[in-house]
Amino acid sequence: MSDGTTTLPWQVIRQDDNGNRYRVGRYATRAEAESIADSLDERGHKQLYWVELLGQSGSGSTGTVN
């Protein structure tokens with residue numbers, strides 16, 4: 001939703017082979033974010049995907065998907 005009131009606190013992060021990190025997207029629920037990370041991981045690329053709660057990056061990540 002784009003009405004400005006939707007909170008999207010969960011994000012999926014991708015790290016490439018060179019260590020560069022990119023936000024793939026923001027999501028309303030952890031389950032939704034994990035589903036996206038899982039589907040990207042299933043593609044077989046060697047990138048690392050994980051789910052974070054906004055404001056908790058680095059060692060504060062909430063889950064890892066390889």
Side-chain angles (χ1 to χ4, degrees):
M1 295 184 182
S2 61
D3 63 0
T5 61
T6 303
T7 302
L8 303 172
W10 294 95
Q11 59 184 354
V12 174
I13 304 295
R14 176 179 72 95
Q15 182 172 312
D16 67 17
D17 295 340
N18 297 317
N20 299 310
R21 295 179 181 187
Y22 306 93
R23 181 173 59 207
V24 174
R26 290 176 55 181
Y27 305 93
T29 66
R30 181 177 180 170
E32 183 182 13
E34 287 177 348
S35 175
I36 296 297
D38 289 343
S39 69
L40 291 169
D41 188 53
E42 289 172 0
R43 294 181 180 182
H45 296 281
K46 293 187 177 183
Q47 276 76 30
L48 174 66
Y49 295 94
W50 69 90
V51 173
E52 289 182 351
L53 183 59
L54 284 175
Q56 295 183 350
S57 61
S59 62
S61 64
T62 59
T64 302
V65 178
N66 298 1

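Every value quoted in this text rests on a predicted model; they were computed, and no experiment measured them. All values below were derived from every heavy atom in this structure, side-chain atoms included, with hydrogens, water molecules and symmetry-related copies excluded.
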Inset, instruction - State which residue, out of R30, Q11, R23, fulfils the side-chain contact (heavy atoms from CB on, under 4.5 Å) condition with E52. - result: Q11
Legend entry - Nearest atoms (heavy-atom pairs only) where W10 meets A33: CB-CB, 4.0 Å
Legend entry - Pairwise side-chain contact, W50 with V12, heavy-atom cut-off 4.5 Å (strictly under): no
Inset, instruction - Measure the spacing between CG of L40 and CZ of R14 and express it to the nearest 0.5 Å. - result: 9.0 Å
Legend entry - Y49 vs I13, side-chain contact (heavy atoms from CB on, under 4.5 Å): CA-CA, chis, key distance, verdict: CA-CA 6 Å; Y49 295 94; I13 304 295; over 6 Å; no
Legend entry - side chain to side chain donor-acceptor pair (under 3.5 Å) against Q15, all qualifying residues, sequence neighbours excluded: R21
Inset, instruction - May I ask you to decide if L8's main-chain N or O and R26's side chain share a donor-acceptor pair within less than 3.5 Å? - result: yes
Legend entry - Over all atoms of both residues, closest heavy-atom pair of P9 and A28: CD-O, 3.8 Å
Legend entry - Minimum-distance pair of heavy atoms, taken over all atoms of D41 and Q47: OD1-O, 4.5 Å
Inset, instruction - Applying side chain to side chain donor-acceptor pair (under 3.5 Å), name anything that partners D17, two or more places apart in sequence or on another chain. - result: none
Legend entry - Donor-acceptor contact present, side-chain D16 to main-chain N18, <3.5 Å: yes
